[in-house]
Amino acid sequence: MARYMDVHRGMHGITAEQLMEAHQADLAIEGEEGVHFEHAWADPESGTVYCLSEAPSPEAVQRIHERTGHKADEVHPVPLSV
(Lines give C-alpha, C1' and ligand atoms only; values in the text may rest on other atoms or scores of the structure.)
Protein backbone atom coordinates (compact mmCIF):
# COMPACT_ATOMS: atom_id res chain seq x y z
CA MET A 1 0.00 0.00 0.00
CA ALA A 2 1.08 3.57 -0.64
CA ARG A 3 1.57 6.32 1.91
CA TYR A 4 -0.17 9.69 1.76
CA MET A 5 0.12 12.99 3.59
CA ASP A 6 -3.04 15.02 3.56
CA VAL A 7 -3.47 18.65 4.51
CA HIS A 8 -6.46 20.38 6.06
CA ARG A 9 -6.61 24.17 6.25
CA GLY A 10 -8.88 26.54 8.14
CA MET A 11 -8.79 24.70 11.46
CA HIS A 12 -7.61 27.73 13.46
CA GLY A 13 -7.52 27.20 17.18
CA ILE A 14 -7.85 23.41 17.01
CA THR A 15 -7.10 21.82 20.38
CA ALA A 16 -5.35 18.54 21.13
CA GLU A 17 -8.71 17.12 22.18
CA GLN A 18 -10.38 18.15 18.91
CA LEU A 19 -7.49 16.72 16.89
CA MET A 20 -7.77 13.43 18.79
CA GLU A 21 -11.55 13.32 18.24
CA ALA A 22 -11.14 13.86 14.49
CA HIS A 23 -8.39 11.24 14.31
CA GLN A 24 -10.49 8.74 16.28
CA ALA A 25 -13.44 9.33 13.93
CA ASP A 26 -11.21 8.45 10.98
CA LEU A 27 -9.83 5.36 12.76
CA ALA A 28 -13.35 4.14 13.51
CA ILE A 29 -14.20 3.70 9.81
CA GLU A 30 -10.81 3.57 8.06
CA GLY A 31 -11.03 -0.17 7.40
CA GLU A 32 -14.10 0.30 5.22
CA GLU A 33 -11.84 1.87 2.57
CA GLY A 34 -8.69 -0.13 3.33
CA VAL A 35 -7.01 2.96 4.83
CA HIS A 36 -4.87 3.17 7.96
CA PHE A 37 -4.31 6.60 9.48
CA GLU A 38 -0.94 6.49 11.23
CA HIS A 39 -0.54 9.93 12.76
CA ALA A 40 -1.97 13.44 12.80
CA TRP A 41 -0.33 16.80 13.55
CA ALA A 42 -1.80 20.27 13.94
CA ASP A 43 -0.70 23.89 14.09
CA PRO A 44 -3.55 25.73 15.84
CA GLU A 45 -2.11 29.12 14.97
CA SER A 46 -2.05 28.58 11.19
CA GLY A 47 -5.07 26.26 11.26
CA THR A 48 -3.21 23.55 9.38
CA VAL A 49 -3.64 19.85 10.12
CA TYR A 50 -1.57 17.05 8.56
CA CYS A 51 -2.43 13.35 8.49
CA LEU A 52 -0.17 10.48 7.45
CA SER A 53 -1.82 7.31 6.20
CA GLU A 54 -1.39 4.12 4.24
CA ALA A 55 -4.11 3.60 1.67
CA PRO A 56 -4.94 2.03 -1.68
CA SER A 57 -5.50 5.49 -3.23
CA PRO A 58 -5.76 9.19 -2.41
CA GLU A 59 -9.48 8.95 -3.15
CA ALA A 60 -9.90 6.37 -0.38
CA VAL A 61 -8.21 8.76 2.07
CA GLN A 62 -10.48 11.60 0.98
CA ARG A 63 -13.64 9.47 1.24
CA ILE A 64 -12.89 8.67 4.89
CA HIS A 65 -12.20 12.32 5.70
CA GLU A 66 -15.38 13.43 3.92
CA ARG A 67 -17.48 10.89 5.80
CA THR A 68 -16.11 12.08 9.15
CA GLY A 69 -16.75 15.72 8.30
CA HIS A 70 -13.28 17.07 7.65
CA LYS A 71 -12.48 16.89 3.95
CA ALA A 72 -8.80 17.31 3.13
CA ASP A 73 -7.73 20.28 1.04
CA GLU A 74 -4.86 18.28 -0.44
CA VAL A 75 -3.75 14.62 -0.51
CA HIS A 76 -0.14 13.98 -1.53
CA PRO A 77 1.59 10.67 -2.23
CA VAL A 78 4.72 10.04 -0.14
CA PRO A 79 6.75 7.65 -2.32
CA LEU A 80 10.05 7.99 -0.40
CA SER A 81 10.99 8.25 3.25
CA VAL A 82 14.17 7.91 5.29
Side-chain angles (χ1 to χ4, degrees):
M1 248 194 304
R3 285 184 129 176
Y4 297 93
M5 178 69 72
D6 61 75
V7 182
H8 306 258
R9 291 188 172 70
M11 300 182 86
H12 300 279
I14 189 170
T15 65
E17 182 178 286
Q18 290 169 324
L19 179 63
M20 180 59 78
E21 287 174 8
H23 185 63
Q24 290 297 326
D26 290 335
L27 294 177
I29 63 168
E30 68 182 9
E32 295 174 21
E33 292 281 352
V35 175
H36 175 61
F37 288 97
E38 297 177 10
H39 203 83
W41 300 265
D43 176 1
E45 189 172 314
S46 71
T48 307
V49 172
Y50 304 92
C51 300
L52 180 66
S53 62
E54 287 189 342
S57 69
E59 293 83 12
V61 172
Q62 188 67 279
R63 283 191 296 268
I64 294 296
H65 281 320
E66 286 175 351
R67 290 176 55 197
T68 57
H70 46 270
K71 181 180 177 182
D73 294 294
E74 303 169 26
V75 180
H76 301 277
V78 183
L80 298 174
S81 65
V82 293

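Note: hydrogens, waters and symmetry copies are ignored here, and every other heavy atom, side chains too, is used. Throughout, residue positions are numbered sequentially from 1 according to the sequence presented.
Heavy atoms of other residues, nucleotides or ligands lying less than 6.0 angstrom from CE of M20 number 12 at most.
Summarising the geometry of G34 relative to P56, their closest heavy-atom pair is O-CD, 3.2 Å, with the distance given to 0.1 Å. In this structure, D73 and R9 approach most closely via the heavy-atom pair OD2-N, 2.6 Å. When all heavy atoms are compared, the tightest approach of V61 to V35 is N-CG2, 4.0 Å. Across all non-hydrogen atoms, the minimal contact from F37 to S53 is CD2-CB, 3.7 Å. When every heavy atom of S46 is checked against every heavy atom of H12, the shortest pair comes out as O-CE1, 3.0 Å. Closest non-hydrogen pair, H70 versus T68, comes out as CE1-OG1, 2.9 Å.
When the side chains of ILVMFWY residues are joined at heavy-atom separations under 4.5 Å, either directly or via intervening members, V78 and W41 end up in a single hydrophobic cluster. Under a hydrophobic clustering in which Ile, Leu, Val, Met, Phe, Trp and Tyr are joined whenever their side-chain heavy atoms come within less than 4.5 Å, directly or via other members, M5 and L19 fall into different clusters. When the side chains of ILVMFWY residues are joined at heavy-atom separations under 4.5 Å, either directly or via intervening members, L27 and I29 end up in a single hydrophobic cluster.
Between the side chains of H36 and E30, at least one donor N or O sits under 3.5 Å from an acceptor N or O.
No side-chain heavy atom of Y50 sits under 4.5 Å from any side-chain heavy atom of D43. Inter-residue side-chain proximity for Q18 and M11 is flagged as unmet; no heavy-atom pair is nearer than 4.5 Å. For the pair D6/Q62, no side-chain contact is recorded, criterion being any heavy-atom separation below 4.5 Å from C-beta on.
How far CZ of R67 is from CD of E33: 6.5 Å, rounded to the nearest 0.5 Å. Atom OH of residue Y4 and atom SG of residue C51 lie 15.0 Å apart, to the nearest 0.5 angstrom. Expressed to the nearest 0.5 Å, how far NZ of K71 lies from CD of E66 amounts to 5.0 Å. Taken to the nearest 0.5 Å, the NE2 atom of H76 stands 12.5 Å off from the CG atom of L52.
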